[in-house]
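Okay, handing you the structure first.
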There are 2 protein chains.
Amino acid sequence: MTVGMRHDDLRRRNRAMVIAAARRGGQASRTEIAAITGLSHSTISAISSDLIAERILTETRQEAPALKRGRPQVGLALDPQAACAVTLMLSLNSLSATSLDYAGNLLEEEHRRLDTRALPRDELIGECMDILRRRLEHPAHAGRQVLRIVLAVQGITDAEARSMLWSPITPHTDIPFADLLEASFSIAVTVENDCNMMAEALRWRDPERYRDDFIAILLSHGIGMGLVLKGSMFTGTHSSGVEFGHMVHRPDGALCRCGRRGCIEAYAGSYAIWRNATGHDENEEPRGDIEETEMQALAQAARDHDGPERRAFRIAGEALGFGLGSLFALIDPAPVAMVGLNAAAFDLIGPALREAIARTAGGHHSGSITFDTQPDQVALLREGCAMRALTFIDHRIFAAGRAAQGEPAPLHSSLIA
Amino acid sequence: MTVGMRHDDLRRRNRAMVIAAARRGGQASRTEIAAITGLSHSTISAISSDLIAERILTETRQEAPALKRGRPQVGLALDPQAACAVTLMLSLNSLSATSLDYAGNLLEEEHRRLDTRALPRDELIGECMDILRRRLEHPAHAGRQVLRIVLAVQGITDAEARSMLWSPITPHTDIPFADLLEASFSIAVTVENDCNMMAEALRWRDPERYRDDFIAILLSHGIGMGLVLKGSMFTGTHSSGVEFGHMVHRPDGALCRCGRRGCIEAYAGSYAIWRNATGHDENEEPRGDIEETEMQALAQAARDHDGPERRAFRIAGEALGFGLGSLFALIDPAPVAMVGLNAAAFDLIGPALREAIARTAGGHHSGSITFDTQPDQVALLREGCAMRALTFIDHRIFAAGRAAQGEPAPLHSSLIA
DNA sequence: CACACTTTTTTCGCGGCTCGAAAAAAAGCC
DNA sequence: GGCTTTTTTTCGAGCCGCGAAAAAAGTGTG
């Protein structure tokens, strides 16, 4: 509330709403948009025809044959030709990238395996540069302008989404990816936390269930979280925040990958489950990487008989439950989606988790806590990045208008900000 | 972003900014406001003259003699006659109330002692009704209209600020104070959490230090928290939220007043410190109330010699430290203000607290964690309530305009919402 | 003490925005 | 084919913020 509102801010916001309605899909008609936004039909009509003239939206025949009388509604949809976005996803030993048109259709993609932990800093950056360059030079774009690049990384990013501050996938820290990529390609870039992107994807996948308040928990080698509160992504004040895995479960407890003790992750990460299931001491240095099959074998053993494996998953559930309980003391309960490899073992984790939550403040009104497993972590991440990139174009570039007026538009000055 | 922006929303927001500038004090001139808001001088001039005509603002001679050349700036200040606000503060065994003019000056106040824990539900409500009625009938208002009532309670309120859901001061729950008071007095009411109001007060007292991100922790019989993130009060999704005292410190640990185990409060509340200092078992039922002098005696004993008292304060510090560490894993570190009785014992609590934080994720970048003690809990609460009530009038009523145009204005319809 | 100078505040006309009402368009119904 | 219904566009009106210019209210100077 520091800065005043000028007249064009108004138009910008209302344009953004029309674009957002089209982005939500369902071929919203002008009349529907007017009803949703509360704006007058004239306003929506004016904005729509502007957007169509600027080749941002297109009219689509309503596919439903419209049994009703009266002039049929004309659906508004995003013009796929309006722009492109590129997403980069950097994970442990894996770098992938996609190109998308403005409507969100996948144009093409590439996946590379590389040893991220061993790679020197320059080469890690170089790999990202190269895969991005190959996207930009790819013929699939067919003349469309790439207006936005999103790079999602495992680990902590800064609040301005410009740098990777720390990541488990590499020993290198504070890599200013956004600055580096923008300097080379002159296209606006943001660097995002992978769990936040997964949460973003859930909003688009199931807007009924995941709308204003919900939690995405990544159960894999480490524990991550994406948190949406009151309709917007919750981030830290300086960093991408919400390092749920490093909330303290047991003071001075088990040794965590981060070097500290007692973190939730030190009980619920893959390495912690493995450590407990295989009879290793909880103070033992965490293993670097664990094969998916190995975790599946542990889960199967836990399902087969009551033994250390079952106990290990129970301990994981307990740590997650108490952690969620503490979180819910702060934000009130909300639906939870479990994502990632170990979400497949939620049958082993869930009971102890629920039991632990019930013993905390969060268990008070546990009605609104529902758990749901989303196994396809990779697809979720890709979708989230795509939507983040596209909605950025919606809001920052197309809502502002006066840029895509046919001409190439000044890339360096206006699009990077 | 669901609802579109109309034309008058624009004016409303810009009016609100001018009022806010006056509320911040310093007799801001039109020129300064134009600079701060980024709006043009003409706009600020138009809005100011409207607000002066509506008797919301007044011009004040700049008291500084203005050594500069040129036409001297004319300060804008709130017109104390524009409205009134009433605050009610309900705490353990205490009910107090104040009347304020629109500029925030105290008109008069009343304080009552009553046995809140023993009082039947109706009588508790009745006491609030009565003290409010006495305020409204008090001659000090001198014809000014009371436009807002804020009731702050210890305990949990709902997210809409209409009901007290639970409180340690009474066995009764779910009391819809806002509905009850509005039905009787036809003045808009909100019900707020006391710690949130203390945080609100800190923003006004020391805006340099406590601005966008900070934490107020109430150290008294229980442990409370008010949290400001990214410039706005952080609340739960359903309740006033941020029940920091009931985050889990040690799973299945000490018995808490809330009936659960291992909460931070069960180690750091007055009753917990007393329990540990006097050699009682940590599973023992918490004492209901502890005199201020008794806690001071424990603190003195802890300062005098190394014994169970010192250990009790250290345990409290440790619990708070690990709790803050977990919190900082979620939101990143921020300045902390310690408020309330046991803030006076921060010399005993602080070292263990810092040590514990250093062992958590929050200790990573501990640079931005500063601790500060604010002993005058009562004054802080009163200030916070006052500012909450007055800024509500600023935003919801005066920024909207077209209401206080001389006439009494339709109370029932427009002011309650 | 008059006049120049400086800074703040107001005035005025312009362009842009949204709105409501009415008109136009595009169907189905009989 | 004409009537009805619903959607969309058009048109004039009313507000609002802006920039430029004017007015206002002081200080400095000779």
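Residue numbers begin at 1 in each chain, while the letters A, B, ... track the order of the sequences.
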message: For Thr43(A) and Ser42(B), find the nucleotide of DNA chain C closest to each by heavy atoms; which residue's nucleotide sits nearer the 5' end?
response: Ser42(B)
- request: Using the six-membered ring of Tyr210(A), assess whether NZ or CZ of Arg203(A) lies under 6.0 Å from its centre and within 45 degrees of the ring axis.
  value: no
message: Distance check needed: dT10(C) C1' versus Asp50(B) CG, whole Å only.
response: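 The answer, rounded to whole Å, is 13 Å.
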message: Tell me the interatomic distance from His41(A), atom NE2, to dC11(D), atom P, rounded to whole angstroms.
response: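 Computing the His41(A):NE2 to dC11(D):P distance gives 19 Å.
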Enumerate the protein-to-nucleotides 28-30 of chain D contacts in which both atoms are nitrogen or oxygen and the separation is below 3.5 Å.
from, atom 1, to, atom 2, distance (Å)
dG28(D), O4', Arg69(B), NH1, 3.4

task: Write down the distance between CD1 (Ile52(A)) and P (dT9(D)), rounded to a whole number of angstrom.
output: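 Distance check: Ile52(A) CD1 to dT9(D) P gives 7 Å.
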- prompt: Can a side chain N or O of Arg6(B) be found less than 4.0 Å away from OP1 or OP2 on dC17(C)?
  reply: no
- prompt: Who are the salt bridge (charged side-chain N to carboxylate O under 4.0 Å, His left out) partners of Asp394(A), not counting sequence neighbours?
  reply: Arg23(A)
task: Among the candidates dC16(D), dT8(D), dT9(C), find the nucleotide nearest to the side-chain atoms of Arg71(A).
output: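 For Arg71(A), the side-chain atoms sit closest to dT8(D).
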- request: Let me know the distance between CG of Leu76(B) and C1' of dT9(C), rounded to the nearest Å.
  value: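 From Leu76(B) CG to dT9(C) C1': 11 Å.
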- request: For Ile44(B), answer base if it contacts any base atom (sugar-phosphate contacts may also be present), sugar-phosphate if it contacts only those atoms, and nothing otherwise; contact means non-hydrogen atoms under 4.0 Å.
  value: nothing
- request: Evaluate the side-chain proximity of Glu200(B) to Arg205(B): yes if any heavy-atom separation is below 4.5 Å, no if none is.
  value: no
message: For Phe234(A) and Phe234(B), I'd like to know if the aromatic rings sit close, meaning centre-to-centre distance below 6.0 Å.
response: yes
field: Nearest-nucleotide comparison on DNA chain D, the residue closer to the 5′ end among Gly70(A) and Ala46(A)
entry: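 Nearest nucleotide further toward 5': that of Gly70(A).
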Between C1' of dT8(D) and CG of Leu57(A), the distance in whole Å: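 After rounding, the reported distance stands at 16 Å.
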Nucleotide of dG16(C), dT8(D), dT11(C) approaching His7(B) most closely (side-chain heavy atoms):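 My answer, after comparing the listed nucleotides, is dG16(C).
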field: Separation of dA13(D) P from Asp8(B) CG (nearest whole Å)
entry: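 Interatomic distance, CG of Asp8(B) to P of dA13(D): 20 Å.
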query: For the pair made of CD in Gln73(B) and P in dT10(C), what is the distance, rounded to whole Å?
result: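 Distance check: Gln73(B) CD to dT10(C) P gives 12 Å.
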task: Examine dC17(C): is either OP1 or OP2 under 4.0 Å from a nitrogen or oxygen in the side chain of Asn14(A)? Give yes or no.
output: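 It does not, given that no N or O in the side chain of Asn14(A) lies less than 4.0 Å from OP1 or OP2 of dC17(C).
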- prompt: Among Glu383(A), Arg148(A), Met233(A), whose side chain to side chain contact (heavy atoms under 4.5 Å, CB included) with Arg388(A) holds?
  reply: Met233(A)
- prompt: Counting side-chain heavy atoms from CB outward, which of dG19(D), dC15(D), dA21(C) is closest to Ser40(B)?
  reply: dG19(D)
- prompt: Would you call Arg30(B) and Ile33(B) a side-chain contact if the rule is heavy atoms closer than 4.5 Å?
  reply: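 Answer no - side chains too far apart.
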- request: Would you kindly give the CG-to-P distance between Asp9(A) and dC16(D), to the nearest whole Å?
  value: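 Those two atoms, CG and P, are 16 Å apart.
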message: In the structure I gave you, are the side-chain heavy atoms of Ile393(A) and Tyr102(A) within less than 4.5 Å of one another anywhere?
response: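 Answer yes - side chains close enough.
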message: What contact category does Thr31(A) fall into here, base, sugar-phosphate, or nothing, at under 4.0 angstrom with non-hydrogen atoms?
response: sugar-phosphate
message: Would you say that Arg162(A) contacts Glu182(A) through its side chain, given a criterion of any heavy-atom pair below 4.5 Å between the two side chains?
response: yes
field: Arg11(A) side-chain proximity, nearest of dC18(D), dC16(D), dT18(C)
entry: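 Selected nucleotide (nearest to the side chain): dT18(C).
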